[in-house]
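Here's the structure, in structure tokens; my notes come after.
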Protein chains: 2
Amino acid sequence: MTETDLQNERSRYVGLAMDAVQRRGEAVTRAVLATEARTPRARIDALFPEENDLFDAIVAEWFAPHVAIMEEVVAADMPVNRKLYEFFARRFLHMRKRYHADPATFQLYCELGRDNFKQIESYVDLGDHYLSELIAQAQADGYLSGVSIADALSLINQMLHCYIQTDILLYLDHRLSEAKLGRIIDTILAGLSSDQGQAQGVTGLRVA
Amino acid sequence: MTETDLQNERSRYVGLAMDAVQRRGEAVTRAVLATEARTPRARIDALFPEENDLFDAIVAEWFAPHVAIMEEVVAADMPVNRKLYEFFARRFLHMRKRYHADPATFQLYCELGRDNFKQIESYVDLGDHYLSELIAQAQADGYLSGVSIADALSLINQMLHCYIQTDILLYLDHRLSEAKLGRIIDTILAGLSSDQGQAQGVTGLRVA
């Protein structure tokens, strides 16, 4: 069996595992996958030597469209404000489509992600990596002047948290829209710089 | 018994109920409160005629400091950028203090709030009411020009969602700070207007 055959085989079993997650409404172990797929346990273990390997492969499958979107947008030939919008909007719409297609399974994946954050952290880091590239492009175009990339990254992630954090869809879906997302990007590009107001004040919080 | 005595009595039992919530790690019914407080059930029922009345009284106790903060800030004699900051920062710091004091109980209240959203909705509406007042004050001072109050309300709530939504503290605490909150307010006041860029573009989302 070539490495490609092995990849295809693994990919097929990841699909079967995700079907089983949807059907059973819970995380699926290698033992359960073997039963559900009527496949000898030894075959499953050859494809996924460790228990985590199956979960990691499901996570990779879940995030693959996000990674593809980010790579395409960062490389695209568009003004940087449009890029920032598409960077967040495409992933948001992809998530929302998934959510509407099957809210219960979507919620289950949110919980699995929350409970296994270590295993999804590299995808969060990858998002930060690509967003940092867009921030650098924005600064080259005169936006976000005087703001460090680390600060811009954190502030942008926070201001767009509603459109990034998967499980916020579960309660805020009806309030979220592409138009609002676009206006938030516009607000950030027009308003975030080192030449800012003093909302926080100089004496810190006034004690009530 | 005067109405004031009755209020004091009710308040005392709300305190006992919240102690029981903390000790037991679960929502507390009137029956449980009677047992925990070694008080005849009839007495509890006289104070809280319906089951919801006890929960509502606990919610009111939980939100009382938030309401006090909002009322004080809206009426304060400060520039509107400072008011907006204090409006969010004081409540955020109050929540964070509660969270750090007892993370498990805090998480329980988050879950109770999520599961009984109808009963906390009026406090969310009250927050929107006061924020609308601050938006009108900001517009009188030349900020947020040309933006409808409804749009400003929704966009500001979304951009500050991390500092409003209680349970985000459970996973994002280490990334949240008063300095960042202040910069987000500054960004909103400097950047949110009807005279904005076109991040969303005119042709909508490009299909990947």
Side-chain angles (χ1 to χ4, degrees), chain A residues 65 68-69 72-73 76 78-86 88-90 93-94 114 117 143 147 151 154-155 157-163 165 168 170-172 175-193 195-201 204-208, chain B residues 65 68-69 72-73 76 78-86 88-90 93-94 114 117 143 147 151 154-155 157-163 165 168 170-172 175-193 195-201 204-208:
Chain A
I69 288 168
E72 188 179 323
V73 170
M78 275 190 275
V80 75
N81 63 335
R82 296 275 304 115
K83 279 193 188 193
L84 274 165
Y85 171 75
E86 305 255 338
F88 291 100
R90 287 189 195 180
L93 292 174
H94 173 76
R114 184 66 55 90
F117 184 69
Y143 296 110
V147 185
D151 282 355
S154 180
L155 291 166
N157 275 331
Q158 290 189 8
M159 286 186 268
L160 289 165
H161 194 67
C162 296
Y163 294 90
Q165 179 68 26
I168 291 179
L170 302 176
Y171 62 87
L172 213 65
R175 303 260 188 204
L176 302 175
S177 74
E178 294 144 80
K180 288 180 189 171
L181 172 51
R183 294 196 75 174
I184 294 173
I185 304 277
D186 287 334
T187 301
I188 290 168
L189 292 177
L192 179 58
S193 75
D195 176 28
Q196 286 199 310
Q198 288 290 341
Q200 197 189 354
L205 197 72
R206 285 202 195 181
V207 178
Chain B
I69 288 167
E72 188 179 323
V73 171
M78 275 189 273
V80 75
N81 63 335
R82 296 275 304 115
K83 278 194 187 193
L84 274 165
Y85 171 75
E86 306 256 337
F88 290 101
R90 287 190 196 180
L93 291 175
H94 173 77
R114 182 67 56 90
F117 185 69
Y143 296 110
V147 185
D151 282 356
S154 179
L155 291 166
N157 275 330
Q158 290 189 8
M159 284 186 271
L160 289 164
H161 194 67
C162 296
Y163 294 89
Q165 180 67 26
I168 291 178
L170 302 176
Y171 61 88
L172 213 64
R175 304 262 188 202
L176 302 175
S177 75
E178 296 144 79
K180 288 180 189 173
L181 173 51
R183 295 196 74 173
I184 294 174
I185 304 277
D186 287 335
T187 300
I188 290 168
L189 292 177
L192 180 58
S193 74
D195 176 28
Q196 286 198 308
Q198 289 290 339
Q200 197 188 355
L205 196 73
R206 285 202 195 181
V207 178

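- Heavy atoms of A:Leu189 lying under 4.5 Å from chain B are absent altogether.
- Using a 4.5 Å cut-off between heavy atoms, A:Phe117 does not touch chain B at all.
- Residue B:Leu84: no heavy atom, backbone or side chain, is found under 4.5 Å from chain A.
- Note that CG of A:Leu192 is 11.0 Å distant from CD1 of B:Ile188, once rounded to the nearest 0.5 Å.
- B:Ala199 and A:Gly182 get closest at one heavy-atom pair: CB-O, 3.9 Å.
- For B:Gln158 against A:Arg175, the heavy-atom pair with the smallest separation is NE2-O, 2.7 Å.
- Atom OG of B:Ser193 and atom CG of A:Asp186 lie 9.0 Å apart (nearest 0.5 Å).
- With a 4.5 angstrom heavy-atom cutoff, A:Ala179 touches chain B via backbone and side-chain atoms both.
- The shortest side-chain heavy-atom distance between A:Ile168 and B:Gln165 does not fall under the 4.5 Å cut-off.
- Within a 6.0 Å sphere centred on CZ of A:Arg114, heavy atoms belonging to other residues, nucleotides or ligands number more than 12.
- Within the 4.5 Å cutoff, the side chain of B:Leu172 has heavy atoms near those of the A:His161 side chain.
- Within the 4.5 Å cutoff, no side-chain heavy atoms of B:Gln200 are placed close to those of A:Leu181.
- Using a 4.5 Å cut-off between heavy atoms, A:Asn157 makes no contact with chain B at all.
- In this structure, the separation between CG on B:Leu155 and SG on A:Cys162 is 10.5 Å, given to the nearest 0.5 Å.
- Taking chain B as the reference chain and counting heavy-atom pairs below 4.5 Å, the highest number among A:Ile185, A:Leu160, A:Asn81, A:Val80 is found for A:Asn81.
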